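Reviewing the structure listed below.
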Amino acid sequence: MNLYLYIIFGLVSFLASVAGAICGIGGGVLIKPILDAFGVLSVASISFLSGCTVLSMSCYSVVKAKLSGSSLVDMKTGTPLAVGAALGGVAGKMMFQYLSGLVPDKDQVGAVQAACLLVITLGTMIYTIKKDRIRTHHVTAVWACIAIGLVLGIFSSFLGIGGGPINLVVLFFFFSMDTKTAAQNSLYIILFSQIASLLNTLLTGTVPQFEIGLLILMVTGGILGGAGGRVVNRRLDAAMVNRLFIGLMVIIMMICVYNMVRFL
C-alpha cells in the first residue's frame with residue numbers, strides 16, 4: 001500500500017472513532033463502508049481491521065468513563081445485553097465466514113453487507129426523526145436483555161461495523177434511554193461483542209491477510225479518536241448529538257449505495 005493510503009486509513013479510523021465515541025455508534029459503521037469504497041483490501045480484511053479499531057476505541061471509552069466516575073452504563077441491563085452481544089458476536093462472525101465460503105465472488109459478500117447496512121441505517125434514521133412520537137418501553141427481564149443483545153451482536157459482527165446506529169434505536173425503544181446514556185451503553189455492548197468476535201476469529205484461525213503496520217495505525221487512531229470523542233461529547237447537548245447522528249446516517253447511506261453499485 002502507498003503512503004497516502006496509510007494516511008487515509010489512519011484519518012478515517014481517527015475521525016470515525018471520534019464520531020463513534022460522541023454518538024455511541026462505535027465508528028465501524030463509518031470505517032467499514034468508507035474503506036470498502038477504496039477497494040484496496042478484501043471485504044474480510046476490512047471487516048477485521050474495522051472490528052479491531054472499534055474494539056480499541058470502545059475499550060478506551062468504557063474504561064475511561066468507569067475510572068473517571070462519569071459512566072452512565074446501567075449494569076443491571078447493560079451486562080445482560082453485553083453477554084448477549086458477545087454470543088451474537090460469535091454467531092455473526094460464523095455467519096460471515098459461512099457466507100464468504102459459500103459465495104465464490106467476494107464482492108458479492110460486500111454487496112450484501114452494504115445492502116443490509118443501508119436498510120438498517122435508513123430504518124434507524126426514520127425512527128430517530130420520529131422517536132418523540134413513538135412510545136418506548138422499560139425492559140428489565142434478564143432473558144429479554146440477553147436476547148436483544150444477541151441480535152445486536154449478530155448484526156454488528158456480521159456487518160463488521162462494531163454496533164452502529166441499530167444499537168441506539170434499540171436502547172431508545174426498549175429501555176427509554178436518552179441520547180447520551182444510550183451512547184455509553186452502546187459502547188459497552190460493542191466492547192463485548194467485538195471481544196467475542198475477535199477471539200472467535202483467532203481461535204478458528206480465520207484471520208485475513210493485512211499489513212501489521214496498518215493494524216497498529218488503525219488501532220492507534222481508534223484510541224485517539226475515543227479520547228477526542230469523549231472531550232467533544234462533554235461539550236455537546238443531546239440535541240446536538242442527535243443532529244450529528246442524523247447527519248452521519250445520511251453519509252453512511254450514500255456510501256452504502258456507492259458500494260452496492262461498485263461491488264455489483
Side-chain angles (χ1 to χ4, degrees), residues 1-2 5-6 8-10 12-13 16-17 20 25-58 85-121 152-164 166 190 192-222 252 255-264:
M1 286 179 61
N2 295 326
L5 284 174
Y6 269 85
I8 289 172
F9 272 55
V12 168
S13 299
S17 296
I25 59 176
V29 72
L30 288 165
I31 296 171
K32 176 66 169 62
I34 290 174
L35 296 187
D36 273 343
F38 283 93
V40 294
L41 290 176
S42 69
V43 170
S45 296
I46 293 295
S47 292
F48 181 81
L49 290 170
S50 173
C52 290
T53 305
V54 171
L55 174 58
S56 66
M57 185 279 288
S58 59
L87 297 174
V90 174
K93 182 61 68 176
M94 292 173 65
M95 289 169 59
F96 175 79
Q97 291 165 355
Y98 175 76
L99 181 61
S100 296
L102 195 65
V103 181
D105 184 357
K106 302 309 176 187
D107 282 351
Q108 292 182 7
V109 178
V112 170
Q113 286 183 313
C116 290
L117 183 56
L118 175 63
V119 172
I120 289 171
T121 305
L152 292 178
I154 289 173
F155 273 113
S156 69
S157 185
F158 175 74
L159 297 177
I161 60 173
I166 190 172
I190 289 169
F192 279 76
S193 68
Q194 289 306 301
I195 289 174
S197 178
L198 176 61
L199 288 176
N200 179 68
T201 301
L202 295 175
L203 292 174
T204 56
T206 54
V207 178
Q209 290 186 339
F210 59 87
E211 295 180 17
I212 190 66
L214 194 58
L215 174 63
I216 295 171
L217 177 67
M218 293 181 66
V219 167
T220 302
I252 292 165
I255 298 171
C256 285
V257 171
Y258 171 80
N259 282 339
M260 287 171 60
V261 173
R262 188 178 70 83
F263 282 129
L264 294 174

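Positions are given from 1, in the same order as the sequence printed here. All figures in this text were calculated on a predicted structure; none of them were measured in a lab.
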request  = Quick one: list whatever passes ring pair (Phe, Tyr, Trp, His ring centres under 6.0 Å) with Phe263, sequence neighbours left out.
outcome  = none
ask   = Quick one: ring pair (Phe, Tyr, Trp, His ring centres under 6.0 Å) partners of Phe192, sequence neighbours excluded?
value = Tyr188
ask   = Would the number of heavy atoms belonging to other residues, nucleotides or ligands and lying under 6.0 Å from CE of Met94 be above 12?
value = no
Search all heavy atoms of [X] against all heavy atoms of [Y] and return the closest pair with its distance.
X	Y	value
Ala114	Asn259	CB-CB, 4.1 Å
Ser17	Thr53	OG-CG2, 4.0 Å
Leu215	Cys52	CD1-CB, 3.7 Å
Ile190	Val54	CG2-CG1, 3.3 Å
Pro208	Phe48	CG-CB, 3.6 Å

Cut-off 3.5 Å, no hydrogens considered: what does the side-chain donor-acceptor table look like for residues 29-42, sequence neighbours left out?
residue : atom : partner : partner atom : Å
Lys32   : NZ   : Asp36   : OD2          : 2.4
Lys32   : NZ   : Gln113  : OE1          : 2.8
Ser42   : OG   : Ser45   : N            : 3.1
Ser42   : OG   : Ser45   : OG           : 2.9

message = Can you list everything that forms a side-chain contact (heavy atoms from CB on, under 4.5 Å) with Ala91? Sequence neighbours excluded, please.
response = Ile154
inquiry  = Checking Ile216 now: which residues fulfil side-chain contact (heavy atoms from CB on, under 4.5 Å) with it, not counting sequence neighbours?
reply    = Ile212, Thr220
Using modelled atom types and a 3.5 Å cut-off, is there a donor and acceptor pairing between side-chain atoms of [X] and backbone atoms of [Y]?
X	Y	result
Ser197	Ser193	no
Thr204	Asn200	yes
Ser157	Gly89	yes

key: Selection residues 45-58 - residue pairs positive for salt bridge (Lys or Arg N to Asp or Glu O under 4.0 Å), sequence neighbours left out   = none
